[in-house]
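One structure is given below, encoded as structure tokens.
Only this structure's heavy atoms are used, side chains among them; waters, hydrogens and symmetry mates stay out. Please read all numbers here as calculations on a predicted model, not as lab measurements. Count residues from 1 along the sequence.
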Amino acid sequence: MRRRFLPVLAAALLLAPAIPGAAHADPAYPFRDPHLSLQTRVDDLVGRLTLDEKISLLHQYQPAIPRLGINLFKAGTEALHGVAWSNDIDNGGAVVQADGTSFAQPVGLASTWDTDLIERVGSAVGDEARGFNAKNPRVFGLNLWAPVVNLLRDPRWGRNEEGYSEDPLLTGAISTAYGDGLQGGDPNHLKAAPTLKHYLAYNNEAGRDVTSSNVPPRVLNEYDREAFKAALTANAATGVMASYNLVNGRPATVDPDLATIERGWSKYPLFNVSDAYAPYNLTGSQKYYATQAEANAAVIKAGLNAFTVDDANGTPTVTAIKQALAQGLLTEHDIDVAAGQALSIRFRLGEFDPGGGKYGKIGPEVINSPANQKLSRETADAAMVLLKNENNALPLKPGGKVAVVGPLADTLYSDWYGGKLPYQVTAVDGIKERAKEVVSSTGSDRIALKDVATGKYITATGTTDADAVAVTADSATTAAQFDADDWGQDVLTLKNVSNGKYLGYNWGPFITRDDQPNGWFVQQQFKLEPQADGTVAIRYAGYETSESWFGANKYITVGADGKLALGSPDAAGAAKFGKEVLRSGIDEAVAAAKTADTAVLVVGSQPFINGREAHDRTTMALGAGQEALVKAVRAVNPHTIVVLQTSYPDTITWEQQHVPGIVWTTHAGAETGHAIADVLYGDYNPAGRLTQTWYASDSQLPADLLNYDIISSDQTYLYSKQAPLYPFGYGLSYTSFKYGKPAVGNGKVTVTVTNTGRRDGDEVVQLYTHQRTSRDKTAVKQLRSFDRVHLKAGQTKTVSLKLTAGDLKRWDVTRSRWVVESSVYDVLVGASSSDIRQRATWNVRGETIPARDLSRVTRAENFDAYAPAVKLVDESKATGTAVGSSAAGDWIVFKDADLRNGRTFTASTAALGATTIEVRLDSPTGKLIGTAPVAATGDIYQYATATANLAKASGHHDVYLVFGGALRVSTFSIR
């Protein structure tokens with residue numbers, strides 16, 4: 001029997017529980033024998049399937065095959081920081097939220113810098129995934145779409161909350177720990193099957209399905225691929241999800257890495273999935289293929305095993321694949337390979353073993369267990385970062401009167417990839433357990449909106465979809481009162497005072513139905529726009545207004561029946577309202593703060609509003625209303641503490657300058673309030689560290705969020721030389737630590753760390769290196785290892801941090817391989833990337849990158865630098881990367897080339913119209929030694945040879961290829 005997937009596995013794998021009521025195949029079938037190797041079992045099962053059955057396994061809902069006792073299998077349950085949600089096959093694909101243990105958002109998980117803890121968190125989530133699967137296997141599958149390992153390159157990315165860090169090593173370590181925990185830690189059995197999201201170079205939401213990430217080879221290999229490589233190399237994940245975007249001109253859905261490089265990182269067969277609807281983008285928004293048959297064939301050949309489309313309806317996918325087979329675009333062998341890979345995790349999960357295997361007996365009792373609640377609190381504690389503590393403003397003393405104010409003071413929010421909180425402990429709740437007296441305020445203005453035309457007020461009429469909000473009340477009754485929270489950029493939410501529900505749109509009527517802003521289309525967002533006559537127009541700011549199908553009307557009008565409607569495209573045609581402020585939120589907060597010993601301001605972000613999937617942030621600023629609240633409270637109470645609860649870095653420059661104590665937490669689950677109080681009162685000594693740079697202003701970031709080349713644009717702590725607000729790795733403690741002199745050798749760096757304070761605490765010891773000399777631009781410093789170490793007051797420990805010469809490798813573009821250069825390396829040990837306490841030098845004997853030999857065929861993508869308009873593009877739709885020019889004057893350079901008296905330039909080019917390539921020395925306007933005419937090939941994927949005789953040039957030069965117009969270059973040589 002031919003082998004249908006690689007690599008070969010010798011280990012026999014135990015399996016998961018059978019679903020009650022399922023048909024049972026002959027137990028003598030080899031695929032049901034757990035003593036056989038995984039490959040033998042998969043080959044046996046694939047060999048028993050018909051072609052139609054094998055094709056059916058490539059949809060996200062793999063249908064049951066009763067004759068062989070094979071049950072329905074659903075790919076994908078969301079589980080980034082707890083089991084979050086899945087879809088109900090029996091209810092039109094409706095989203096079903098889980099109500100299990102909720103942990104800190106992923107960026108918070110990573111801020112613990114504690115891989116042992118994160119593995120425990122992953123294990124708890126894996127247990128609960130089994131528990132939900134036991135309750136309803138048709139909704140909650142065991143293939144978990146987590147973790148997200150896209151690097152947090154730019155904090156404006158809307159999905160910042162889902163990732164771990166801007167650093168590939170830290171991201172790799174945390175994702176490996178979480179994945180190990182989800183899987184259960186047994187090399188031969190899976191508790192759950194984690195899928196890494198989203199391969200590759202994906203950090204923008206605007207136009208995410210049509211934008212191409214321009215990623216030169218060094219960035220691709222040293223940065224973006226490294227983040228994914230770690231967990232797969234450690235066998236801590238079972239596959240990846242392809243991202244929506246294009247990478248160097250090719251849709252990630254058909255990235256050839258998925259069948260080659262990525263699979264080579266793991267010793268197990270991988271189950272790779274598409275993102276939702278992405279296979280249809282190939283023929284839709286991306287217009288990459290003319291037919292779905294071509295697209296589906298390319299998806300399978302590229303290495304994806306599951307089409308995430310059409311909810312539970314696999315017919316369109318199957319139809320297109322059959323058309324591809326009929327047209328010769330696929331072979332049955334291609335289907336065998338893909339189907340075998342799709343089945344591989346089902347064997348490892350235990351589906352085909354008698355009794356369900358090692359994890360088969362885990363039941364619903366694990367969901368939100370006391371142990372998991374305790375772990376949630378422990379994790380929220382460990383994730384909190386102390387940003388400022390002037391004159392020991394923290395910790396607070398128990399007792400006294402505390403004013404707890406702000407929009408996040410007495411409520412907790414979940415996010416799109418979070419579950420339903422089974423209970424809530426808010427900041428007010430946590431502080432009440434320690435203070436003698438607590439007064440609280442949201443800091444929200446309470447307002448009423450009076451229709452100028454009728455003199456009546458906007459009024460809630462109920463809490464169902466049928467209860468349309470209307471202009472009916474003659475006075476500002478509680479049903480006509482709304483608490484307005486400012487989430488930044490003038491976006492407000494309006495919470496009705498009488499029923500506690502948020503005003504929102506519902507595809508027709510406006511209603512007060514929802515407990516929180518939520519949903520894919522966040523319909524509870526408004527702007528009150530002042531008009532010249534002193535009235536306001538109400539602009540609906542729900543996310544769906546950005547969709548092309550939404551229509552022109554974005555402003556509220558009032559119908560003849562008094563009901564609110566979207567009836568105008570502009571403020572001129574909108575209804576006019578008088579805004580009556582019944583209670584000033586700032587005045588109420590100030591009054592509370594004046595009488596309190598301490599004021600605790602809990603401000604930050606709303607996860608469904610400030611940035612999330614499909615919507616990037618345009619600024620890192622805190623909402624103007626919230627900043628005004630902080631300033632007002634600080635003015636009346638010098639003992640003011642800010643608890644910043646956000647999903648990403650904010651530019652809190654004023655707060656850093658004027659507020660004595662600042663603590664950051666992400667949205668940390670049901671136990672958030674306990675963790676806030678634990679840290680504020682010193683029951684827990686904070687030791688969280690920032691996993692990305694917090695910038696001082698928006699101007700410190702590239703103007704273009706789509707600039708993925710971190711090296712040329714000096715992005716992240718690795719290459720930025722700007723002074724940030726808070727550096728990568730930063731975080732304070734209630735104690736202090738002293739570092740001894742580091743020793744380098746035997747594959748490690750050892751350093752003594754002493755707790756020199758009076759409190760027990762954790763220190764996150766961070767090891768960085770800097771390469772002093774190189775052929776190329778190298779990082780300012782780069783994280784190489786870290787360890788979170790607990791030290792009692794006065795205690796000294798010797799910390800051992802792994803560091804080998806191989807860890808110093810980087811990508812050599814001249815030879816397309818990894819290299820460790822001979823150099824002196826600074827070995828830097830400290831408490832953050834900017835707080836280096838001790839250093840040593842290490843003279844590493846590696847190799848010297850030789851001068852470029854351009855007499856060999858050189859791939860154009862391996863340039864050293866490029867003009868800003870140059871893009872990397874797809875050489876063909878299947879494989880390869882070329883360089884694309886769009887205008888005359890674009891250039892690429894190959895530095896330190898040994899021309900060896902080369903006299904002929906030859907290039908492989910594609911162009912729609914005739915143009916030229918100039919060969920110049922040492923600058924884009926330097927000595928011209930030849931011009932190659934480029935013929936029109938009529939197709940961007942049709943290449944021809946362009947040649948030119950060159951003037952004599954010898955020695956070492958920087959060789960510039962200067963383009964005369966639009967063209968593509970795949971390879972060239974000078975001989």
>> Hydrogens and angles aside, do R208 and N204 bring a side-chain donor and acceptor to less than 3.5 Å of each other?
In response: no
> Heavy-atom distance under 4.5 Å between the side chains of K809 and R817, does that happen here?
Replying inline: no
>> By the side chain to side chain donor-acceptor pair (under 3.5 Å) test, which pairs, at least two apart or in different chains, include something from residues 909-918?
In response: E918-R920
>> Assess, by modelled atom type and distance only, whether the side chains of S243 and N245 contain a donor and an acceptor separated by less than 3.5 Å.
In response: yes
> Can you find a pair of side-chain heavy atoms, one from V820 and one from V844, that are under 4.5 Å apart?
Replying inline: yes
>> Whether the N150 and Y164 side chains hold a donor-acceptor pair (N or O, under 3.5 Å, no angle test) is what I'd like checked.
In response: no
> Side chains of P316 and Y280: does their closest heavy-atom pair fall under 4.5 Å?
Replying inline: yes
>> Quick one about D776 and S774 (side-chain donor to acceptor, distance below 3.5 Å, no hydrogens or angles considered), yes or no?
In response: no
>> Side chains of N160 and S647 only: does a donor on one sit below 3.5 Å from an acceptor on the other?
In response: no
> Going by atom types alone, do Y199 and D257 pair a side-chain donor with an acceptor below 3.5 Å?
Replying inline: yes
>> Check this for me: does any side-chain nitrogen of one of D864 and R775 sit under 4.0 Å from a carboxylate oxygen of the other?
In response: yes
>> Do the side chains of E166 and R153 get close enough for a salt bridge, i.e. N-O under 4.0 angstrom?
In response: no
> Are side-chain N/O atoms of E821 and S823 paired as donor and acceptor at under 3.5 Å?
Replying inline: no
> Are side-chain N/O atoms of R784 and T769 paired as donor and acceptor at under 3.5 Å?
Replying inline: yes
> With sequence neighbours excluded, what pairs up with T858 under the side-chain contact (heavy atoms from CB on, under 4.5 Å) test?
Replying inline: R852, L854, F894, F972
> If you look at every heavy atom in A242 and L258, which pair is closest and at what distance?
Replying inline: CB-CD1, 4.1 Å
>> Is the distance between the ring centroids of Y543 and H615 under 6.0 Å?
In response: yes
>> For F728 and Y768, take the angle between the two ring planes, folded into 0 to 90°, and tell me which bin it lands in: parallel under 30, tilted 30 to 60, perpendicular over 60.
In response: perpendicular
> Honestly, is R218 close enough over Y223, meaning NZ or CZ under 6.0 Å from the six-membered ring centre and within 45° of the axis?
Replying inline: no
> Side chains of N862 and S816: do they bring a donor and an acceptor to under 3.5 Å?
Replying inline: yes
>> I'd like to check V873 versus T881 (side-chain heavy atoms, cut-off strictly below 4.5 Å). Are they in contact?
In response: no
> Residues in ring pair (Phe, Tyr, Trp, His ring centres under 6.0 Å) with W265, at least two apart?
Replying inline: none
>> Checking V210 now: which residues fulfil side-chain contact (heavy atoms from CB on, under 4.5 Å) with it, not counting sequence neighbours?
In response: S285
> Atom OH of Y277 and atom OH of Y244: how far apart are they, to the nearest 0.5 Å?
Replying inline: 10.5 Å
> So among F863, F905, W891, which one has a ring pair (Phe, Tyr, Trp, His ring centres under 6.0 Å) with Y960?
Replying inline: W891
> Which pairs with one or both residues in residues 289-308 pass ring pair (Phe, Tyr, Trp, His ring centres under 6.0 Å), sequence neighbours excluded?
Replying inline: none
> Tell me, do V883 and R968 make a side-chain contact under 4.5 Å, heavy atoms counted?
Replying inline: no
>> salt bridge (charged side-chain N to carboxylate O under 4.0 Å, His left out) for K777 and D714? Distances and angles first, verdict last.
In response: CA-CA 10 Å; K777 179 180 180 179; D714 294 334; 2.4 Å; yes
>> Once ring pair (Phe, Tyr, Trp, His ring centres under 6.0 Å) is applied, what residue pairs with a partner in residues 910-956 remain, sequence neighbours excluded?
In response: none
>> Under a 3.5 Å cutoff, is there a donor and acceptor pairing between the side chains of Y695 and Q692?
In response: no
> Without hydrogens or angle criteria, can the side chains of Q700 and S697 be said to hold a donor-acceptor pair below 3.5 Å?
Replying inline: no
>> Counting neighbours of NZ on K781 that are heavy atoms of other residues, nucleotides or ligands and sit closer than 6.0 Å, is the number greater than 12?
In response: yes
>> Is there a side-chain contact between R815 and I849 in this structure, where contact means two heavy atoms from C-beta onward sitting under 4.5 Å apart?
In response: yes
